[in-house]
Structure formats: structure tokens, C-alpha cells
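Remarks on the structure that follows.
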Amino acid sequence: MIQSSMSALRPLRTLLFGGHYSLTRFCSGFVSRIRYINKLKENDAACLSALQNGHIFLFHRLMPLLQCSVPETFRPIALSYSEVQSVLHKSGSDGSLLKESILIGCSEQNHAQFCLDVGELDPAAIIKNCKGTFMDLRKAFFLLEGAEAPLVAKAQALLRWHQINRFCGATGQLTQRNQAGSQRTCSSSSIVYYPKMSPVVIVLVSDGKRCLLGRQSSFPRGLYSALAGFCDIGETLEEALRREVAEEVGLEVQNIIYSSSQHWPFPHSSFMLACHATVSPSHSQLNVDHLELEDARWFTEEEITCALQVKAPPWRDHRPAAWLPPKHAVAHRLIMEWKEQQHSNDTE
Ligand SMILES: NC(=O)C1=CN([C@@H]2O[C@H](COP(=O)(O)OP(=O)(O)OC[C@H]3O[C@@H](n4cnc5c(N)ncnc54)[C@H](OP(=O)(O)O)[C@@H]3O)[C@@H](O)[C@H]2O)C=CC1
Ligand SMILES: [Mg+2]
């Protein structure tokens, strides 16, 4: 089903070193992969050839095709070009759809990776032929392991971006994509459009002994998370963060410390910038804006430890126990970092 890594290396070597590659140079895997992806974005013919030797992840109306190996363990299915050709053929398509595949990356085994939305075709035939299932990303994202969740999220974000950027905002004309799908151009206005992410700040506020979590009414029952909000045009990260906390809970934060970032596929494609911040205990009185948040409250370390043990909301309880975002979410990372910090404070 999956091509051997040696055969997939050939196009990469030829492209980078014109066939006279040096093994020593080639062995710097990370740099080679990055440059390979960059070449594929610039060179349509090379990208088409990489597609013929690459791995393709199928989606149906933005739902990834997943295979369940062990109960509750899902993986995206990597298909070869000929396998997708055969699947399309069996679904009554002539295979020309394959050219619409979008480049998403390059595996550590040097397979160029692509995604393709087959939303026009009957999903039942594809599911039967691939022995998989198309699953809503909101559910799939949390069932996938390690590096596969961000890859699937990136693929879905790119597919969505292409679906909603078919026309130029200035001329109303159709835009054309390059083969990699890394940009779209309007031939009439010459405007080049690139895939976009919306910057979002997310912050775990601490008063020294407790951390602040909130929930929107749209969250699953009992789920609490760090405060988050979209950056306005012209704002710095720090300004957006101070504004969001002031708007949502009426506090003025200090000591902003950057933690990490992540691409987040919801609601569309967000670039989460995660930070820690503090307020003094004497200025920790909350004034929650209930138009934005259903609830916000301070959690002790003990309460956080309990909440981390709740795996899913206890549906029958009238007031369900609080539970926290899963490991994939940068909010989870902020909470774990805060917990560690509490321990190092105790041992100082
Ligand atoms: N990865 C993680 O750990 C976490 C991720 N998140 C993500 O952060 C995102 C932002 O948090 P949230 O509290 O909802 O944000 P906000 O507090 O900014 O509130 C969301 C509202 O902001 C308005 N808005 C402004 N700019 C945009 C934009 N570019 N795109 C969409 N809406 C915009 C919309 O209002 P209107 O509808 O009135 O136009 C929207 O309903 C969430 O979508 C969530 O998925 C949140 C918590 C944890
Ligand atoms: Mg918010």
C-alpha cells in the first residue's frame, strides 16, 4: 500500500542535487526536507511529479478519512497515487481530481504528503474501498495521536482555505492555484492570496496560588479552559492579551510570559499564542462579562489535579465536575506548566 522510502527518496534527491547527490549532504534530514517542500511550492512540474510518488490523505467535505486499528485508536490513511486513482475510478470519477491535491508536508521518511477533498463523490464507495471512515474533525482531532493531529488539522485548514478563496475579492474573477496549493493568484488583478491564520491570544492568569479558567456556553458541559480571544488589527500580543482579560473578567494582568504556540483548526484556522500572566491576590476579584463567558473562576492546584482526572463530562450530574482541555490543546500545556511552577515554588 505504501511505497518503500527508497523509491520515494529518488525524486527528492534528483530535485535537490540534480541526480548527483552527496549522501553526506542529503543526510541533514531536516534541512533537506524543508528545502524540498519549498522547491515543490515554487515548481509546479516538480510538485506534480512528487504527487505521483507521494502519500495522499483523503477528506470528504473537510472530514478526514481515518482507520481504526485498535478500538478507539484512529490514524489517517496514507494512500499512494495509484491507490487514489483506483479509489476514484471505482467511485465513477476519471481521476483528474487527483491534480487538485494540496501539498501539506514531507514525512521523516521523505514522502511528500498531500491532501485531497473528494466531497463531490459518494463517500460510501470510498469508505468501502479504503476500509476507513470519514469523521468530523472536532471529534477526530482528539482521537488522533502525536504528530498526526496537527498534520490532519493543517490539511483541513488548507482545503477549507481553497474552498472559500476561489474568487478574487477585488475583481470577483476566479483565482488560480499553484500546483502545491500554497497560493492562489488572480490573473486579472495579479493579487496573490496566501493561506491565512487568525492570531489568537490564550493566557493562564495566576494570582500566585490559584489559576483562572473560564467557559463559554458553547463548550461541552463542565469544560473549563484558559481565557482566549482573537487579536484585533494593529495590536501587539501583549495588548491583545491585556484587552481580552479586561473584557472577559475585568482584571488588569502583569508579568506576561510567552509559553508556546500552536495552529488550531477551530473555528477556522487560528494561530494560538499562549502566555502566562499574573494579578496580585488583592486585585483578583472577578467581574465576568456574561455575554462572552458563561462562567469564570479561580482554581486551586488541588482542584486542577481533580479536573485533570476527569476524562469526559459526567452527563447525568446536575452540575458536572470540571474537566480540562485535552493534551493536544495548548491550554492543557499552560495548565501543566502552571502546576509544575506551583511545585517548584513549594520546594524553594
Ligand atoms: N487550543 C486551545 O487550547 C484553545 C483554543 N481556543 C480557541 O480560541 C479561539 C478564540 O477564543 P474565543 O474565546 O472564542 O475568542 P473571543 O473571546 O475573541 O470571542 C470570539 C468572538 O470574537 C469575534 N471574532 C473576532 N475576530 C474573529 C475572528 N478572526 N474569527 C472568528 N471570530 C472572531 C466573534 O464574534 P462575533 O461572532 O460576534 O462576530 C467570535 O464569536 C476559539 O475559537 C477556540 O477554538 C480556545 C481555548 C483553548
Ligand atoms: Mg474569549
Side-chain angles (χ1 to χ4, degrees), residues 62 136-144 146-154 156-157 160-161 163-165 169 193-206 211-251 253 256 258-277 286-297 299 304 307-308 310 313 322-339:
L62 299 178
D136 188 282
L137 190 66
R138 283 207 179 258
K139 185 173 173 203
F141 195 61
F142 301 106
L143 296 174
L144 293 167
E148 288 174 343
L151 187 76
V152 170
K154 177 180 177 178
Q156 197 230 34
R160 184 197 297 277
W161 181 80
Q163 286 177 10
I164 59 180
N165 283 278
Y193 293 93
Y194 295 96
K196 292 244 176 338
M197 296 191 281
S198 300
V200 174
V201 287
I202 177 159
V203 56
L204 191 65
V205 181
S206 170
C211 70
L212 178 60
L213 301 177
R215 56 169 277 108
Q216 296 179 9
S217 53
S218 59
F219 284 10
R221 270 162 54 94
L223 176 67
Y224 279 77
S225 184
L227 303 186
F230 289 92
C231 296
D232 282 347
I233 287 276
E235 276 182 332
T236 63
L237 162 64
E238 293 80 359
E239 285 165 348
L241 191 155
R242 286 203 171 92
R243 175 184 54 73
E244 276 296 331
V245 178
E247 277 176 11
E248 295 191 350
V249 294
L251 294 179
V253 295
I256 297 170
Y258 171 77
S259 158
S260 49
S261 65
Q262 83 171 156
H263 171 249
W264 190 246
F266 316 114
H268 293 302
S269 194
S270 305
F271 181 46
M272 308 294 305
L273 297 152
C275 295
H276 293 274
L286 302 179
N287 177 2
V288 178
D289 177 350
H290 289 289
L291 288 176
E292 298 223 16
L293 293 178
E294 185 181 82
D295 186 28
R297 57 185 167 100
F299 285 71
I304 290 290
L308 283 167
V310 180
W323 58 293
L324 302 175
K327 284 187 185 140
H328 287 330
V330 75
H332 185 97
R333 180 184 173 131
L334 285 173
I335 292 165
M336 298 310 284
E337 285 173 350
W338 177 80
K339 234 167 106 46

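From a predicted model like this one, the values you see are computed outputs, not experimental measurements. Order of listing sets the numbers, starting from 1, for every ligand and every atom in it.
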- Message: Below 2.8 Å, can you find an N, O or S atom of A228 next to the Mg ion (ligand 2)?
- Response: yes
- Indicate the atoms forming the closest heavy-atom contact of H276 with S259, along with that distance. CD2-CB, 4.0 Å
- Query: Out of M272, E244, R243, whose heavy atom is nearest to atom 8 (O) of ligand 1?
  - Reply: M272
- Parallel, tilted or perpendicular, as decided by the 30° and 60° cut-offs, for the rings of F141 and H328: tilted
- For ligand 1, is any non-hydrogen atom under 4.0 Å from V200's backbone (N, CA, C, O), its side chain (CB onward), both, or neither? side chain
- Query: Is any N or O atom of Q216, backbone or side chain, closer than 3.5 Å to an N or O atom of ligand 1?
  - Reply: yes
- Item | ligand 1 contacted by S225 (non-hydrogen, < 4.0 Å) | yes
- Query: How close does the nearest protein non-hydrogen atom get to atom 46 (C) of ligand 1, and which residue and atom is it?
  - Reply: A228 CB, 3.8 Å
- Task: May I ask you to identify the nearest protein heavy atom to atom 42 (C) of ligand 1, giving residue, atom name and distance to one decimal place in Å?
- Result: P267 CD, 4.3 Å
- Counting only non-hydrogen atoms of the protein, does one fall under 4.0 Å from atom 10 (C) of ligand 1? yes
- Note on the structure: Tightest non-hydrogen contact, residues C275 and Y258, listed as SG-CA, 3.9 Å
- Query: Are any side-chain N or O atoms of Y224 and backbone N or O atoms of R297, one a donor and one an acceptor, separated by less than 3.5 Å?
  - Reply: no
- Query: In Å and rounded to the nearest 0.5 Å, what is the SG to CG distance from C231 to L241?
  - Reply: 8.5 Å
- Item | Within reach of ligand 1, part of E292 (heavy-atom separation under 4.0 Å) | side chain
- Query: Within the side chain of W323, is there an N or O that forms a donor-acceptor pair under 3.5 Å with the backbone of R221?
  - Reply: yes
- Near S198, which atoms of ligand 1 are under 4.0 Å from a heavy atom of that residue? 29 (N)
- Just distances here: any N/O of W264 and N/O of ligand 1 closer than 3.5 Å? yes
- Message: I'd like to check atom 38 (O) of ligand 1 in this structure: does the protein have a heavy atom lying under 4.0 Å from it?
- Response: no
- Going by the order shown, which atoms of ligand 1 are within less than 4.0 Å of some heavy atom of F266? 43 (O), 45 (O)
- When distances are taken from atom 3 (O) of ligand 1, the protein heavy atom at minimum range is A331 N, 2.9 Å
- Message: Please determine whether a side-chain nitrogen of the Lys or Arg among E247 and R243 lies less than 4.0 Å from a carboxylate oxygen of the Asp or Glu.
- Response: yes
- Item | Any Q262 heavy atom less than 4.0 Å to ligand 1 | yes
- Message: Checking W161 against S269 for the side chain to side chain donor-acceptor pair (under 3.5 Å) test, could you report, in this order, the C-alpha distance in whole Å, the side-chain angles of both residues, the deciding distance, and whether it holds?
- Response: CA-CA 9 Å; W161 181 80; S269 194; over 6 Å; no
- Query: For ligand 1, which atoms, with element, lie under 4.0 Å from some heavy atom of A329?
  - Reply: 2 (C), 3 (O)
- Message: Tell me whether R215 contacts the main-chain N or O of D295 through its side chain, where contact means a donor paired with an acceptor under 3.5 Å.
- Response: no
- May I ask you to identify the nearest protein heavy atom to atom 15 (O) of ligand 1, giving residue, atom name and distance to one decimal place in Å? G229 CA, 3.5 Å
- Taking atom 48 (C) of ligand 1 as the reference point, report whether a protein heavy atom occurs under 4.0 Å from it. yes
- Just give me the atom name: the N, O or S atom of E248 closest to the Mg ion (ligand 2). OE2
- Note on the structure: The closest protein heavy-atom partner of atom 17 (O) of ligand 1 is E248 OE2, 2.8 Å
- Indicate, as side chain, backbone, both or neither, the part of I202 found under 4.0 angstrom from ligand 1 when only non-hydrogen atoms are considered. side chain
- Output for pair (Q216 CD, L227 CG), nearest 0.5 Å, gives 10.0 Å
- Message: Taking distance alone, with N or O pairs closer than 3.5 Å, would you say F230 contacts ligand 1?
- Response: yes
- Query: For ligand 1, is E247 a contact, meaning one of its heavy atoms is under 4.0 Å away?
  - Reply: no
- Item | Euclidean distance, I202 CD1 relative to R333 CZ, rounded to 0.5 Å | 12.5 Å
- For the atom pair CG (L62) and CD (Q163), what is the distance rounded to the nearest 0.5 Å? 4.5 Å
- For the residue pair V310 and A322, what are the closest heavy atoms and their distance? CG2-O, 3.6 Å
- Query: Distance from E148 atom CD to L143 atom CG, nearest 0.5 Å?
  - Reply: 12.0 Å
